[in-house]
Amino acid sequence: MSTTSAKPAAIVGEELPVLTRKDFVSDQEVRWCPGCGDYAILAQMQKMLPELRIPRENIVFISGIGCSSRFPYYVETFGFHTIHGRAPAIATGVKTARPELTVFVVTGDGDGLSIGGNHLLHVMRRNVDVTIVLFNNRIYGLTKGQYSPTSEFGKITKSSPFGTTERPLNPIKIALAAGATFVARSVDRDTKHLEEMLYLAATHKGVSFVEVFQNCNIFNDGAFAAFAEKEVRQDRMLYLEHGKPLRFGKERQHGIRLNGFKPEIVENAQSDEGLWVHDAKSASIAAAMALAEMDYPEYPVPVGVFRDVDAPTYEELVAKQIEDARARGEPDFAAVLQGPETWQVE
Amino acid sequence: MTTESPTRREVRIEERDRMTVRFAGDSGDGMQLTGTQFTRTTVIYGNDIATLPDFPAEIRAPQGSLPGVSGFQLSFASTDIKTPGDQPDALVALNPAALRVNIGDLKPGGLIIVDEAEFTPQNLKKAGYESNPLEDGSLSGYQVFRVNITKQTEEALEGLDLPPNRRYQSRNFYALGLVLWLFDRTLDTTIKWATDRFKRNPEILEANLRALKAGYAFGETTEMFHVRYEVPPAKVQPGLYRHISGNEATALGFLAASVLSGLPLVYASYPITPASDILHELSKLKAFGVKTIQAEDEIAAMCMAIGAAYAGHLGLTGTSGPGLALKSEALNLAVMAELPVVVIDVQRAGPSTGMPTKTEQADLLQAMFGRNGDSPVAVVAPATPSDCFTMAIEAFRIALKYMVPVVFLSEGYLANGSEPWRIPSLDELPRIEWHYAAERTDGADGKFNPYQRDPVTLARPWAVPGQRGLQHRIGGLEKSGETGDISYDPGNHHRMTLARKAKVERIVQDIPPASVEGPEEGDLLVVGWGGTYGAISTAAENARKAGKSVAHLHLRYLNPMPANVGEILKRYRKVLVPELNTGQLCLLLRAKYLVDAIPFNKIAGQPFKIAEIEAKIDEVLGLRGPYELEFGPASVLGGG
């Protein structure tokens, strides 16, 4: 039995709810294709949510359209399955009205970067305190297999039988360029890492953006297998840690150093001397951008927190202006109705 | 040295019950300011007034060009008036282009004041004049007063340390001073306003006040004018009054909805002509807890309003026609999720970008039907600038009680037009009823159904995040009326569609019955909606004064319409529907009530003139032959 309180404990300092993963499982049957990477993300989310120690009724999941956007139905919180691409705008409305709520936006590569690209940019630019989880499977799954804005150049799909003629977007670079204050990446199959990223994103104050490489086993199976499979992961992914030198490999034997703006692999680096030290707190996005450009097979693929900086949130600033206005004087409705000038008719 | 004391000449005062003045000049000449200041002086004096600003489309078209002409028309009277007047009695034209654009509207024998310094060969050419109208006799049907406003303003400003172009900019104050003299009005209101407005620019204040006083003094001393016009104060209901535009009244009405409901207002909007002023007004009201968001686009603005409504606050967005088109998908989400959002559409001339600064009423069918699926929303439309206040409160009263999106259809004509408004006290305003769903403690029986409808209103419960035990999922997919879960059940979709429709229809039990102005039955009923109220009401009243059996029904609730509309329509032999579109309300009335309504349509970006409606009334009554607007079908579509 859960002991949820009526008000968010974090706000009023009451006793914190003790919840378990099961408390966040809704009564709805999960309807993704068997084997879909979405299951892993849902499981990690449900595992992570109790750690936030926030009553379920103070949590809102908002999604757009697509396979990933079915997510809110499966989580026992408030949920709003909205329209294609618009979840960030609806979340902005929710948070502006009610800053005390904990809001998640669940989106995909099509929903977030194609039809809803504009809203995604602006929710990040404004630093609205929401956690955005973008399931990137590099394909359109719900519509059965067309290329997406993150599909690799030349990809053959139902709508590109001769290969695409479009270059893909890099979600991490978009988030960094839009000024997101928390930017991270994880993989559906690396459940422990994924859960940690979700937790860090959810507890970050300000906008958090998490790209999750998610396998669509029906329309784009194995899109990330070359570097994300368990056997090769340590050698082909780069786990970012703030303040630590960039190292990878089963024994963390290889390092990365910077030559100008270009990363270079240092095989079997004996010492940390000269290795690129990851700074997620940097005000500049230059280094994070260079990391985001690293891709397999030339480099290991970076996962983890690219950026984690503090900045006032949008809703905080909006509330502050209201507070300041009230400090200047109590609102007087009659006076506002009267406007600058009145006259009396007897 | 001899001093010549000016002898006080004879100036006759002519009393009129109504005068209409139009100020016109280049868009850089400050005509809106001049008109507004004259309006302020006049309302404080006690006249009833109605105004019509007419902005050029271009921010700053080439100086002196025809597209660059900006105008402001004001009608003021000692009686109750409802329109800014068909034809100006007086025209102030600060350049040849302003004269050329506006002369056609002036009443025969009307008064023209021009700045003769501007009638240079170059300016005449820009305005498309082959010869100087001041000299070629083409203005012989009017009283023309040639005043060298430019030169006299410069002389009045002598000794001030201002560059020549800045001196030139005080011409509008000179013209204002002269017109204030002509209508026997005080300078005090303008002086008080200017002193505050230009307090940080003492040089400019000095320049403007000198120009203002010089214009007044010119009227006083010149031999040119022999008549001044006196329009005595109007007799109106006692009370405290202010001057208010439609957009101001809209902003204040939605603030009132917040005050009356006790729910904070969130206004999300993307700037668009002619709705932006609502954003400007609401963004000043932070002390009331009003939160304004300048969204990244129209769609986001709609979605943010939905988010605010979902979170339990007043969600409001505002736009004009093209923006409503962009919002339609999200508005449909609010229909499906049954959330109480309000959308302001300040209509402008369309389709597409159309004529952004010009008025029209052509979004009625878009508001009614412009979404996929069967998607009913409530629609209300204010009739006058100050009625925007009342109908804004109505919009949220309906939205909250019925958990339904409401479209508030304003118009450019109402938004920018203004009138005196008796300021209501808080206890005169209606109550706004709302409640959130009841919270549930753990262990409550069964699961929470977000579509458990109120038996009277059919509203679903407003269960907002943070409410204990009410976790649920809603969205754009059809839901089961029984469980709130996604449902593709055929019977359920049929029932839910009918429930959404019935819910909007039931609003009829909460809106006042329609009433007519004029006889309860008779030869002709003129039916209108929105900003055409003034013109139709006046035309119908004039017809009754002439002994004709003409009544006027004006609809402020468009969906649903008041319960008695069908019955009213049957009491008249003929029904005429004037609209600033190609017949949208007429189509609805014909479809809904099987009435042989006659459309009368003007799609010119301008409001109806009273005389146009009067002529059409006479045609329908068989008192004259077919009447057609000057740009009517015959002139447009041609023969053959």
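When reading the values below, keep in mind they use all heavy atoms of this one structure, side chains included, and skip hydrogens, waters and symmetry mates. Convention: sequence-line order gives letters A, B, ...; per-chain numbering from 1.
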Open item on the list: Between A:F61 and chain B, with a heavy-atom cut-off of 4.5 Å, which part of the residue counts as in contact: side chain, backbone, both or neither?
Closed with: neither
Task: chain A contact via B:P264 - side chain, backbone, both or neither, heavy atoms under 4.5 Å - done: neither
Open item on the list: Is it the case that over 12 heavy atoms from other parts of the model lie below 6.0 angstrom from the NZ atom of B:K192?
Closed with: no
Task: Side chain to side chain, B:Y310 and A:V60, heavy atoms closer than 4.5 Å - done: yes
Task: Segment of B:H472 engaging chain A (4.5 angstrom heavy-atom cut-off) - done: both
Open item on the list: Taking every non-hydrogen pair under 4.5 Å, which of A:Q321, A:H84, A:Q338, A:E330 racks up the most with chain B?
Closed with: A:Q338
TODO: Against chain A, label B:E248 side chain, backbone, both or neither, depending on which of its atoms sit under 4.5 Å from a heavy atom there.
DONE: neither
Task: Side chain proximity check, A:R70 to B:I486, heavy atoms < 4.5 angstrom - done: yes
Open item on the list: As an exercise: rank A:H122, A:E323, A:R125 by heavy-atom pairs under 4.5 Å with chain B and give me the winner.
Closed with: A:H122
Open item on the list: Between B:V259 and chain A, with a heavy-atom cut-off of 4.5 Å, which part of the residue counts as in contact: side chain, backbone, both or neither?
Closed with: side chain
Task: Which atoms of B:T189 approach chain A - backbone, side chain, both or neither, heavy atom under 4.5 Å - done: side chain
TODO: Flag the one option from B:A330, B:G475, B:G239, B:G289 with the top tally of heavy-atom pairs under 4.5 Å to chain A.
DONE: B:G239
Task: B:L339 side chain reached by A:F80 side chain, heavy atoms, under 4.5 Å - done: yes
Task: Residue among B:A300, B:A309, B:G312 with most heavy-atom pairs under 4.5 Å to chain A - done: B:A300
Task: Side-chain heavy atoms of B:E296 within contact of A:R126, under 4.5 Å - done: yes
TODO: Output the distance between atom CE (B:M302) and atom CZ (A:R86), rounded to the nearest 0.5 Å.
DONE: 12.5 Å
Open item on the list: Just so I understand: if I count every heavy-atom pair under 4.5 Å between each of B:V266, B:L252, B:L265 and chain A, which residue has the most?
Closed with: B:L252
- [ ] Kindly say whether B:K286 contributes a backbone atom to a donor-acceptor pair with the side chain of A:R326 at under 3.5 angstrom?
- [x] no
Open item on the list: Is A:Q344 in contact with chain B via its backbone, its side chain, both, or neither, using a 4.5 Å heavy-atom distance?
Closed with: both
Open item on the list: Nearest 0.5 angstrom please: A:T82 OG1 to B:I474 CD1, how far?
Closed with: 10.0 Å
- [ ] State, with a plain yes or no, whether a side-chain heavy atom of B:D485 is found less than 4.5 Å away from one of A:Y73.
- [x] no
- [ ] Give, for atom CD1 of A:I90 and atom CG of B:L333, the distance between the pair rounded to the nearest 0.5 Å.
- [x] 5.5 Å
Task: Donor-acceptor pair, side chain of B:K291 and main chain of A:V318, under 3.5 angstrom - done: no
Task: Contact origin within B:I293 toward chain A - heavy atom pairs under 4.5 Å - done: both
Task: Any A:I322 side-chain heavy atom under 4.5 Å of B:F288 side chain - done: no
- [ ] Assess whether atom CZ of B:F38 is packed by more than 12 heavy atoms of other residues, nucleotides or ligands within 6.0 Å.
- [x] yes
Open item on the list: Just so I know, are the side chains of B:L477 and A:H81 near enough to count as touching, which here means a heavy-atom distance under 4.5 Å?
Closed with: yes
Task: Which atom of A:E57 lies closest to which atom of B:Q467, heavy atoms considered - done: CB-O, 3.3 Å
- [ ] Mind listing the closest non-hydrogen atom pair of A:F78 and B:G466 along with its distance?
- [x] CE1-N, 3.9 Å
- [ ] Heavy atoms only, distances under 4.5 angstrom: which of B:P238, B:P420, B:C303 has the most pairs with chain A? Name it, please.
- [x] B:C303
Open item on the list: So for B:A249, is it side chain, backbone, both, or neither that comes closer than 4.5 Å to the heavy atoms of chain A?
Closed with: neither
Task: chain A contact via B:V43 - which portion, at a heavy-atom distance below 4.5 Å - done: both
Open item on the list: Between B:L426 and chain A, with a heavy-atom cut-off of 4.5 Å, which part of the residue counts as in contact: side chain, backbone, both or neither?
Closed with: side chain
Task: Contact origin within A:D324 toward chain B - heavy atom pairs under 4.5 Å - done: neither
Task: Heavy-atom donor-acceptor pair, B:R242 side chain to A:L337 backbone, under 3.5 Å - done: yes
Task: Spatial distance of atom CD1 (A:I83) from atom CG (B:N332) [nearest 0.5 Å] - done: 8.5 Å
Task: Region of B:A268 in contact with chain A, defined by heavy-atom distances below 4.5 Å - done: neither
Open item on the list: With chain A as the partner, which of B:G46, B:A301, B:P233, B:A256 has the greatest number of non-hydrogen pairs under 4.5 Å?
Closed with: B:A256
Task: Heavy-atom donor-acceptor pair, A:R98 side chain to B:A311 backbone, under 3.5 Å - done: yes
Open item on the list: If I measure from the heavy atoms of chain A, does B:L285 come under 4.5 Å with its side chain, its backbone, both, or neither?
Closed with: side chain
Task: Shortest non-hydrogen contact between B:P465 and A:L101, atoms and distance - done: CB-CD1, 3.7 Å
Task: Within-4.5 Å side-chain heavy-atom neighbours: B:R40 and A:E341 - done: yes
- [ ] Kindly compute the distance separating NZ (B:K447) from OG (A:S26), expressed to the nearest 0.5 Å.
- [x] 7.5 Å
Task: Heavy-atom contact with chain A under 4.5 Å, split by part of B:Y241 - done: both
TODO: Evaluate the side-chain contact (heavy atoms from CB on, under 4.5 Å) criterion for residues B:D297 and A:H119: first the C-alpha distance (whole Å), next the side-chain angles of each, then the deciding distance (0.1 Å), finally the verdict.
DONE: CA-CA 9 Å; B:D297 59 33; A:H119 310 303; 3.3 Å; yes
Task: Heavy-atom closest contact (A:T77 atom, B:R473 atom, distance) - done: O-NH1, 2.9 Å
Task: Which atoms of B:W193 approach chain A - backbone, side chain, both or neither, heavy atom under 4.5 Å - done: neither
